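Below you'll find the structure, written out as C-alpha cells, and then a few comments.
Letters A, B, ... are given to chains in the order of the sequence lines, protein chains preceding strands, and every chain is numbered from 1. Given the structure is predicted, the values throughout are model-derived calculations rather than measurements. Below, all heavy atoms of this structure are taken into account, side chains as well, without hydrogens, waters or symmetry copies.
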2 protein chains.
Amino acid sequence: MESGCRRRHKGEVEDSVKRASVTLHEVAAAAGVSIATASRALTGKDRVSAQTAEHVAAVAERLGYRVNLIGRGLRAGTGATIGVVVPVISNPFYGELIHRLEDHLQQRGFDLVIADSHGDVERERDRLRMLVERRVEGVFVVPSDAELSFDAVADTATRVPLVQLDRRVIDLPADFVGVDNHRGIELAIAHLTAAGATRLVLVSGNDVTSVGRERREAFENTVRARALPRKENIFGEYLLRFGEEAARTLLSRGPLPDAIVAGDDLVAAGVIAALKRALVHVPSDVQVTGFDGTMLADVCEPRLTTVVQPFDELAREAVEALTRRMDQPDAPYVLSRVAPSLRVAESTSADH
Amino acid sequence: MESGCRRRHKGEVEDSVKRASVTLHEVAAAAGVSIATASRALTGKDRVSAQTAEHVAAVAERLGYRVNLIGRGLRAGTGATIGVVVPVISNPFYGELIHRLEDHLQQRGFDLVIADSHGDVERERDRLRMLVERRVEGVFVVPSDAELSFDAVADTATRVPLVQLDRRVIDLPADFVGVDNHRGIELAIAHLTAAGATRLVLVSGNDVTSVGRERREAFENTVRARALPRKENIFGEYLLRFGEEAARTLLSRGPLPDAIVAGDDLVAAGVIAALKRALVHVPSDVQVTGFDGTMLADVCEPRLTTVVQPFDELAREAVEALTRRMDQPDAPYVLSRVAPSLRVAESTSADH
DNA sequence: CTGTTAGCGCATTCAT
DNA sequence: ATGAATGCGCTAACAG
C-alpha cells in the first residue's frame with residue numbers, strides 16, 4: 001500500500017553529479033510537505049497557504065529545481081508547443097517569417113519548434129511525423145511540393161490542427177495563409193508599364209510549388225489582360241544561381257526585354273548580378289522587380305523595387321487561423337490572402 | 001491487482017473524433033496481444049515472433065498509431081532532442097549554420113529545436129530555461145552578450161551538456177566552437193595591403209559580443225604589427241543599417257581610407273550601398289571586405305571579397321564537442337577554433 | 001488548506 | 001516468445 005520502492009541510487013550523491021535533475025518529489029521531501037502541495041505551491045494555480053508557498057519556492061530554488069515538461073506534458077496530454085516546417089531556413093524570407101511567428105506565439109504562451117525539410121518531400125514527411133509524435137498542439141507547414149506533399153500534409157492535418165503557410169498543396173482541405181500573389185504580380189506589372197515598359201519577361205520558380213504556379217498564372221493573365229506582347233518566360237528554382245543562369249539565357253537570346261519580373265528577391269538579385277557582369281545597366285537597359293521584400297532587396301545595387309509581403313500580418317493571420325482550428329476543429333477551412341504592397345526603389349526607372 | 005479503471009469515454013467514439021490519438025494500449029487490444037508485446041513488436045528492439053510482429057505492425061498501421069514521444073521520453077528519461085538558441089534567426093549566417101547543424105544531428109538521430117533570443121539577454125534566459133525544462137539532451141547557444149549572458153548560460157551548462165557556438169561568454173567554463181577571428185581579420189588585411197592599401201578602417205560590431213571584441217582586437221593587433229597608420233574605427237551592431245550609417249560617418253570625416261574592413265557581410269553590404277549612393281566607387285575609390293561568406297556576399301555589387309566561415313566544419317565540430325560532453329561530462333573544456341579562408345571577389349581591387 | 005491516490009503512454013524487468 | 005506489473009514526473013480529483 002505504498003508507492004513502491006523509490007530509486008535509492010540517487011538523492012545522496014546528487015550534489016556532486018548535479019546533472020541528474022531534481023524532481024518534485026525531492027523538493028516536497030526537502031520542504032516537508034506532500035508532493036501535491038509542492039506542485040500547487042509551484043504552479044500557483046491552486047489554494048496554498050502563502051507561507052508554505054513561499055517555503056516550497058525557497059526550497060525549490062535552493063535545490064535548483066526545474067519542472068520536467070515531459071512529465072507535465074504526459075499528465076496534461078500535451079506541452080504548449082507549436083511546430084513549423086519550412087523548406088529552407090537559410091532563405092531570409094522564411095527566417096523573417098519564423099521570427100514573427102515566434103513573436104505572436106509567445107504572446108499566447110506557445111513555444112515554437114522549427115524543422116527544416118530542405119525542400120525534400122521525404123524529409124518533409126519525416127519532420128511532420130516527428131512533430132506529430134511529439135504531440136505538438138499545432139503545425140505550420142510550407143509544403144515543398146504542390147502535389148507530392150499531399151499525403152504527408154493531409155495525414156498530419158487529420159491528427160493535429162494544421163495551417164499551410166506561404167505555399168499550399170493543391171486541393172488539400174486545410175487552412176492556408178499566404179500573400180495574394182496575383183495582386184503582387186499585378187502591382188509589379190502596373191508599375192513597370194506605367195513607366196512605359198511593354199515587353200516583360202517572368203523569371204520565376206517553376207510549377208512545383210503553389211507559389212510558382214500562382215505567380216506564373218498571375219503574370220500570364222495580367223500580360224494578356226493588358227494586351228502586352230507575350231515573351232518566353234523562364235522557370236527554375238528560387239535560388240540566386242537560377243537568377244544568374246536565367247539572365248545569361250536572356251542575354252543569349254538577343255535583344256533584352258524592357259523589364260524582368262523576378263519570382264522572388266533571391267532570383268532578382270541573381271538576375272541583377274549577372275546583368276551587371278555583362279555590362280547591362282539596370283534600370284536604363286532593363287528594369288527588374290523582385291518579390292518578398294527581404295533584406296536582399298536593400299542589399300542589391302541598384303536597390304530592388306519589390307513586392308513586399310507583410311510579414312507581421314502574415315504571421316498574425318497564421319496564428320489566428322491555427323488557434324481557430326484548435327478551438328473549432330470542424331470549422332470550415334479558410335484560405336486567407338494578405339495584400340502585398342510595392343516598394344519602389346532603384347531597379348525600375350522613374351525616367352519615363 | 002489490476003491496472004485501475006481504464007478510461008471508458010474513449011475507444012468507442014474514437015473513429016469520428018480522430019484527433020484523440022491512438023495509444024499503444026489500443027493497438028495491443030486490437031491486435032489481441034499484451035501491451036508489452038505490442039511495444040516490442042513496434043520498436044523491434046526485442047525478441048518477438050516475426051508473425052506477431054507483422055500482425056501488430058499491420059494493426060498499428062490500420063489504426064493510424066503514432067508513438068507518443070512524451071510517454072517514451074518520460075519512461076526513457078529523455079527524448080532525443082538538442083536545442084539551439086541563436087540571436088537572430090533572420091540573419092543568413094545563423095540560418096546557414098542551423099541548416100548544417102540539423103544535418104549533422106540528424107545523422108546521429110537527434111532532433112533539433114530552434115529558439116530565437118532576439119539578441120535579448122532576458123529572452124535568452126527564457127529560451128534556455130525552456131530547453132532545460134524540456135529536458136533536451138544538449139544545448140547549443142550563441143550568447144547574445146559576452147558578459148551579461150553569463151548567469152543564464154552558466155546555469156544551463158550545469159544542468160545539461162552545452163556548447164557555445166560562434167560567440168562565447170567571457171571566462172565561462174564551457175565548450176566553445178567558433179571561427180578563428182584573428183586569422184580571418186589577418187587574411188583580409190594581408191590581402192588588402194598586398195594590393196597596396198595602407199590606411200584601413202574597421203567598421204564592426206561593438207564589444208558586446210565576443211565576436212566583436214575579437215575582431216576588433218585582431219584588427220588593432222594586425223595594424224600595429226604591420227605598422228600601418230591608425231585610424232578611428234567605427235563600432236555598432238551587426239546590421240545592414242549600421243553599415244550604411246558608418247559609411248556616411250566616414251564620408252563626413254573627409255578623405256576616405258584605402259579600405260574598409262567590415263565586421264560581417266551584413267555590415268559590408270550596408271557600407272557598399274551607402275558608398276554607391278554617394279557616388280563613391282568600390283573598389284577603385286575604396287576597397288571593402290566582409291566576414292562570414294553568406295549569400296549576401298554574392299548579392300552585393302560589386303561582389304564582396306569576404307572571410308568565409310566553413311559552415312559545415314563549424315557544425316561538425318560543434319556536434320562533436322557536444323557529444324563528447326554528453327559522453328564525458330567531466331572532460332576538460334575545449335575552445336575549438338576553425339580556420340576561415342578568404343574568398344576574393346570584386347570589392348577589392350586586383351588593379352595594383 | 002493539505003495529503004492520498006490514480007494514471008497520462010510507454011519500455012522494461014521478471015516471470016512464465 | 002509473451003504477459004503482468006512497475007514507475008518515469010507530474011497534476012487533478014477526492015478526501016479530510
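The terminal axes of the helix from C:dC1-D:dG16 to C:dT16-D:dA1, fitted over 5 pairs per end, subtend an angle of 40° to the nearest 10°.
B:Val136 has its side chain out of reach of B:Ile82: every pair of non-hydrogen atoms, C-beta onward, lies at least 4.5 Å apart. In this structure, B:Leu322 and B:Phe110 have side chains that are not in contact, with every pair of non-hydrogen atoms separated by 4.5 Å or more.
Look at CD on A:Glu133: it is 15 Å from P on C:dG9, rounded to the nearest Å. Remark: C1' of C:dG9 and CZ of A:Arg134 are 15 Å apart, rounded to the nearest angstrom. In this entry the distance linking CG of A:Leu24 with P of C:dG7 reads 20 Å, nearest Å. Between the CZ atom of A:Arg47 and the P atom of D:dA13 there is a distance of 13 Å, rounded to whole Å. Rounded to whole Å, atom C1' of D:dG7 lies 16 Å from atom CD1 of A:Ile70. Distance, B:Leu69 CG to C:dA11 C1': 13 Å, rounded to whole Å. Atom-to-atom, CG of A:Asn68 to P of D:dC8 comes out at 12 Å; the value is rounded to the nearest Å. The separation between B:His25 atom NE2 and C:dC8 atom P is 8 Å, rounded to whole Å.
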What nitrogen or oxygen pairs link the protein and nucleotides 12-16 of chain C at under 3.5 Å?
from	atom 1	to	atom 2	distance (Å)
C:dT12	O4'	B:Arg75	NH2	3.0

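Using a 4.0 Å heavy-atom cutoff across all strands shown, B:Leu74 reaches at least one base atom of the nucleic acid.
For the residue pair A:Pro332 and A:Arg325, the shortest heavy atom distance occurs at O-NH2, 3.3 Å.
Checking side-chain atoms of B:Glu26 against main-chain N and O of B:Thr23 turns up a donor-acceptor pair under 3.5 Å. Side chain of B:Arg135 to main chain of B:Val132: a donor-acceptor pair is present (N/O by atom type, distance under 3.5 Å, no hydrogens or angles).
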**OP:** With side-chain hydrogen bond (donor to acceptor under 3.5 Å, both in side chains) as the test, would you mind laying out the steps for A:Thr81 and B:Arg134 before giving the verdict?
**Re:** CA-CA 11 Å; A:Thr81 308; B:Arg134 265 180 207 291; 2.6 Å; yes
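The side chain of A:Arg72 places an N or O atom within less than 4.0 Å of a non-bridging phosphate oxygen (OP1 or OP2) of D:dT11. An OP1 or OP2 oxygen of D:dT2 is reached within less than 4.0 angstrom by a side-chain nitrogen or oxygen of B:Thr52.
Checking D:dC10, C:dT2, C:dC10 against every side-chain atom of B:Val67, the shortest atom distance belongs to C:dC10.
Between B:Arg316 and B:Glu320 there is no salt bridge, since no side-chain nitrogen of the basic residue lies less than 4.0 Å from a carboxylate oxygen of the acidic one. Between B:Arg129 and B:Asp155 there is no salt bridge, since none of the side-chain N atoms of the basic residue sits less than 4.0 Å from a carboxylate O of the acidic one. Taking a cutoff of 4.0 Å between a charged side-chain nitrogen and a carboxylate oxygen, B:Asp116 and B:Arg123 do not qualify as a salt bridge.
DNA chain C is contacted by both A:Ala50 and B:Ala76; A:Ala50 maps to the nucleotide lying nearer its 5′ end (nearest heavy atom per residue). For the pair B:Ala38 and B:Gly71, nearest-nucleotide mapping onto DNA chain D gives the more 5' position to B:Ala38.
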